[in-house]
> 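Supplied in structure tokens, the structure appears directly below.
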There are 2 protein chains.
Amino acid sequence: MERPRKPTLDTVASAVGVSRATVSNAYNRPDQLSAALRERILETAASIGYAGPDPVARSLATRHSAAVGFMLGQHLSAAFSDPAVSIVLDGLASTVDGHDHCLVLMPGGTEGGPRPETVARAAADVVVAYSLPDHAPALDAVRVRGLPMVVIDQPVLPDTARVEVDDFGGARMAAIHLRSLGHTRFGVLTFSLHPDDRNGFVSAGRLSGSTFRVTRDRLAGYLDVVGPGVPVWECAGSSRELGRTGARALLSSTPRPTALLCASDELAFGALQAVRDLSLAVPRDVSVVGFDDVPAAEHSDPPLTTVRQPLTEKGRRAGESALRLLAGGRPEEPIRLAVSLVERHSTAPLT
Amino acid sequence: MERPRKPTLDTVASAVGVSRATVSNAYNRPDQLSAALRERILETAASIGYAGPDPVARSLATRHSAAVGFMLGQHLSAAFSDPAVSIVLDGLASTVDGHDHCLVLMPGGTEGGPRPETVARAAADVVVAYSLPDHAPALDAVRVRGLPMVVIDQPVLPDTARVEVDDFGGARMAAIHLRSLGHTRFGVLTFSLHPDDRNGFVSAGRLSGSTFRVTRDRLAGYLDVVGPGVPVWECAGSSRELGRTGARALLSSTPRPTALLCASDELAFGALQAVRDLSLAVPRDVSVVGFDDVPAAEHSDPPLTTVRQPLTEKGRRAGESALRLLAGGRPEEPIRLAVSLVERHSTAPLT
DNA sequence: TGAACGTACTGAAGCGCTTCAGTCACACTC
DNA sequence: GAGTGTGACTGAAGCGCTTCAGTACGTTCA
């Protein structure tokens with residue numbers, strides 16, 4: 001079947017009997033033509049099924065694509081199972097959407113970040129990177145393309161905007177809290193140190209060379225307070241299930257820890273369950289702290305003591321930075337958001 | 001500061017001393033030139049910082065953008081807190097990424113779907129819609145643009161591919177299971193019937209006119225078996241917290257239900273917690289069934305009896321359909337994936 | 001009354017790339 | 001030595017739009 005060609009600006013222009021420039025103005029610069037003519041153009045366009053200027057052609061002509069790329073170091077399901085990611089992404093998405101920009105997802109491959117080819121071929125004029133390992137090839141691909149970038153929770157990169165929280169300080173606060181409650185036997189539950197999906201106790205060597213900034217800092221914050229000899233279990237991702245397994249392992253060591261320091265709330269929720277699994281109670285037998293303060297932390301059983309970081313704001317600020325770079329602004333000073341300890345009922349003095 | 005213009009195909013062409021067409025071929029049709037020349041072109045390109053053909057210009061010339069749009073009826077945080085969404089999205093993303101396509105996110109506004117302008121301006125050449133209300137304006141915007149579309153769990157639309165599961169049948173299976181265990185007093189926990197974020201008991205009127213196909217069918221499946229008089233609580237989203245609140249309300253009615261039918265696993269997890277909150281036990285005092293069979297269902301306490309739907313495959317099939325449409329294929333017959341009841345330990349005979 | 005100004009619209013030059021019909025030189029055949 | 005390929009490369013026409021310098025035609029004002 002001979003499908004009719006899609007209408008273009010030209011189609012509309014000759015249907016109305018004006019020049020192409022005028023039709024373009026009808027869409028983009030209403031002040032450039034009389035209201036009556038504009039009305040007539042829009043009506044004609046609708047009647048012949050013209051859906052408005054083609055986004056791609058417009059992007060080529062204007063030299064920006066109204067899209068912000070989003071690079072993620074993990075598979076999407078893994079990433080989103082962590083509310084910390086989805087809330088940030090939501091903040092980001094609503095910010096850019098409010099300014100008529102789309103979000104182009106570049107999901108991570110197996111290597112800790114999108115493939116460089118994916119980056120090279122994606123239409124975006126600024127990209128925000130979240131949770132990539134330090135030297136991800138995708139980061140380099142962005143640089144080669146000359147796209148401005150904002151990184152979240154990532155090491156500093158030349159010419160790049162950045163938003164982050166004080167993971168190290170937050171973790172220290174949590175650990176100090178526990179120590180001041182009298183605890184001396186700790187266990188630490190962390191998520192990936194390296195992009196290789198490993199679960200298990202962590203050796204000193206693996207610990208030192210972690211390529212994920214956030215993991216590294218939270219862990220360092222904990223260990224800075226509780227000392228380096230503490231058992232650390234690494235989970236391949238931030239999920240309840242993995243946390244439950246890890247916490248079970250930690251609680252099976254002798255002497256049994258009386259306090260568990262978790263790198264995220266999701267991991268901590270798993271730990272809560274693990275304590276129950278062993279017929280122990282939180283906080284009577286073991287205290288648990290999380291990190292993030294996701295909404296569910298307030299309603300867990302018991303409500304979770306955790307380090308609050310402003311997740312939505314993180315996404316929003318990243319979005320605003322991206323928009324500012326898009327408008328030609330220079331990357332500003334790194335934005336550092338405050339964290340705070342939220343004491344609830346999963347921690348108690350050592351009895 | 002005078003920033004140097006970004007190199008283009010032309011820049012490379014004249015640097016090497018060949019025509020622009022040849023440089024283009026070096027990237028897209030290696031068989032059209034000698035290996036030696038290609039090598040030389042690629043080297044020169046790298047040395048002058050050319051990152052490869054501009055994606056936008058290429059899209060305009062080829063008339064496809066290598067992007068699949070993704071429309072979602074909810075805010076991203078709401079959507080991703082439901083693993084059922086993130087797993088589907090992950091399946092979709094890895095399918096299209098494997099074929100060098102990006103995913104363009106068009107997040108829902110408040111009206112149950114992306115704004116039509118968002119749709120009109122997004123560069124994508126096929127879109128997949130998930131979890132939109134029946135007559136979302138975004139659906140119409142896609143039609144006007146003439147883009148092919150695949151819908152997941154959505155009513156049939158002319159000229160549109162579709163993948164879905166038998167929500168009605170699945171829900172019936174779960175309800176029949178409960179009835180055959182002897183239960184007669186039920187409570188139903190559902191998620192949004194309308195795009196207005198409401199929580200509370202559902203009136204008959206609100207129930208009949210639901211605009212979300214999935215909600216409608218699961219609910220209808222439950223009620224088909226347990227009868228129309230059963231109390232139904234609507235949650236604004238599919239999260240543990242909302243489920244917990246709703247289940248608490250349901251369990252406070254007299255006579256107290258002995259079985260809770262939940263529209264999703266997340267809701268069911270909340271119900272599990274609610275039962276504990278009231279110092280009751282699952283399944284001794286109350287049986288609970290979920291829907292989806294997300295990974296966590298196997299590990300909940302107790303493990304959840306639920307209706308399994310193949311989430312990853314749903315995303316994968318949707319991705320494949322999208323790719324096929326992109327290749328010019330006609331929309332095929334709707335794909336209907338099988339569901340099955342997974343009996344675990346959250347249901348038991350009425351004692 | 002004529003210079004100055006505004007408003008409404010148009011022509012044409014790109015934006016950076018793909019693609020297809022050639023052209024050209026060279027080898028191969030009978 | 002004319003005919004037939006064939007492999008390697010090029011010229012030029014678009015893809016659908018934006019934009020900017022201009023034209024044409026009133027209005028205004030000194």
Side-chain angles (χ1 to χ4, degrees), chain A residues 4-42 44-45 48-66 100 120-125 145-147, chain B residues 4-42 44-45 48-66 100 120-125 145-147:
Chain A
R5 240 172 161 329
K6 268 186 71 176
T8 71
L9 255 198
D10 272 318
T11 323
V12 178
S14 48
V16 179
V18 296
S19 80
R20 179 175 27 177
T22 301
V23 179
S24 174
N25 285 334
Y27 284 95
N28 304 313
R29 311 180 159 199
D31 57 309
Q32 295 292 299
L33 68 171
S34 66
L37 178 55
R38 172 155 194 265
E39 189 64 18
R40 199 152 59 85
I41 290 174
L42 262 24
T44 310
I48 65 181
Y50 178 68
D54 178 273
V56 174
R58 149 190 297 234
S59 292
L60 180 59
T62 58
R63 278 183 295 319
H64 45 253
S65 55
D100 270 318
R121 305 182 76 123
D125 26 39
R145 274 191 61 182
L147 292 181
Chain B
R5 236 167 164 333
K6 267 185 70 175
T8 71
L9 254 198
D10 273 318
T11 323
V12 178
S14 48
V16 180
V18 295
S19 82
R20 179 167 35 167
T22 300
V23 179
S24 175
N25 285 333
Y27 284 95
N28 303 312
R29 311 183 159 196
D31 58 308
Q32 295 293 299
L33 35 53
S34 65
L37 179 53
R38 172 155 194 265
E39 188 65 16
R40 198 150 62 85
I41 290 174
L42 263 24
T44 310
I48 64 181
Y50 178 68
D54 179 273
V56 174
R58 150 192 297 234
S59 291
L60 181 59
T62 58
R63 276 179 305 310
H64 46 252
S65 55
D100 269 319
R121 305 182 77 124
D125 26 38
R145 274 191 61 181
L147 293 181

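These numbers come from the heavy atoms of this one structure, side chains and all, not from hydrogens, waters or symmetry mates. All chains are named by letter (A, B, ...) in the order of the sequence lines, taking the proteins before the strands, and each is independently numbered beginning at 1.
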> Please list, chain by chain and in numerical order, all residues satisfying side-chain contact (heavy atoms from CB on, under 4.5 Å) with B:S65, sequence neighbours excluded.
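Testing B:S65 for side-chain contact (heavy atoms from CB on, under 4.5 Å), a comparison that skips the adjacent residues, returns A:V56, B:S59, B:A67, B:D125.
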
> Over all heavy atoms of both residues, which pair between B:A120 and A:A51 is shortest? Give the atoms and the distance, please.
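Looking at all heavy atoms of both residues, the shortest contact is CB-O, 4.4 Å.
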
> Can you give me the closest heavy-atom contact between B:A122 and A:P55, atom names plus distance?
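Of all heavy-atom pairs spanning B:A122 and A:P55, the closest is O-CG, 3.6 Å.
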
> Rounded to whole angstroms, how far apart are CG on B:L33 and P on D:dG7?
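These atoms are roughly 14 Å apart.
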
> Give me the atom names and distance for the closest heavy-atom approach of B:Y27 to B:A45.
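For B:Y27 versus B:A45, the nearest heavy atoms are OH-CB, 3.3 Å.
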
> Could you grab the distance from atom CZ of B:R58 to atom CZ of B:R63, nearest 0.5 Å is fine?
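If I round to the nearest 0.5 Å, the distance is 14.0 Å.
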
> So if I define the base as every atom that isn't primed, P, OP1 or OP2, how would nucleotides 11-20 of chain D read as a B/S/- string at a heavy-atom cutoff under 4.0 Å?
B--BBBBBB-

> Taking A:S24 for its side chain and A:R20 for its backbone only, find out whether a donor-acceptor pair lies under 3.5 Å.
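Checked: no pair found.
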
> Are A:T8 and A:D54 close enough that some pair of their side-chain heavy atoms sits under 4.5 Å apart?
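SC-SC contact between A:T8 and A:D54 ruled out.
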
> Indicate yes or no for a side-chain donor-acceptor contact from B:K6 to the backbone of B:Y50 under 3.5 Å, with no hydrogens or angles considered.
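A pair under 3.5 Å: no.
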
> Using the test salt bridge (charged side-chain N to carboxylate O under 4.0 Å, His left out), find all partners of B:R121 that sit at least two apart in sequence or belong to another chain.
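Scan of B:R121 (salt bridge (charged side-chain N to carboxylate O under 4.0 Å, His left out), adjacent residues dropped) gives none.
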
> Got a list of protein N/O to nucleotides 21-23 of chain C N/O distances below 3.5 Å?
none

> Bend angle of the helix from C:dT1-D:dA30 to C:dC30-D:dG1 from five-pair axes at both ends, rounded to 10°?
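It works out to 40° between the end axes.
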
> Cut-off 3.5 Å, no hydrogens considered: what does the side-chain donor-acceptor table look like for residues 31-42 of chain A, sequence neighbours left out?
unit_1 : atom_1 : unit_2 : atom_2 : d
A:S34  : OG     : A:L37  : N      : 3.4
A:R38  : NE     : A:A26  : O      : 2.6
A:R38  : NH2    : A:A26  : O      : 3.3

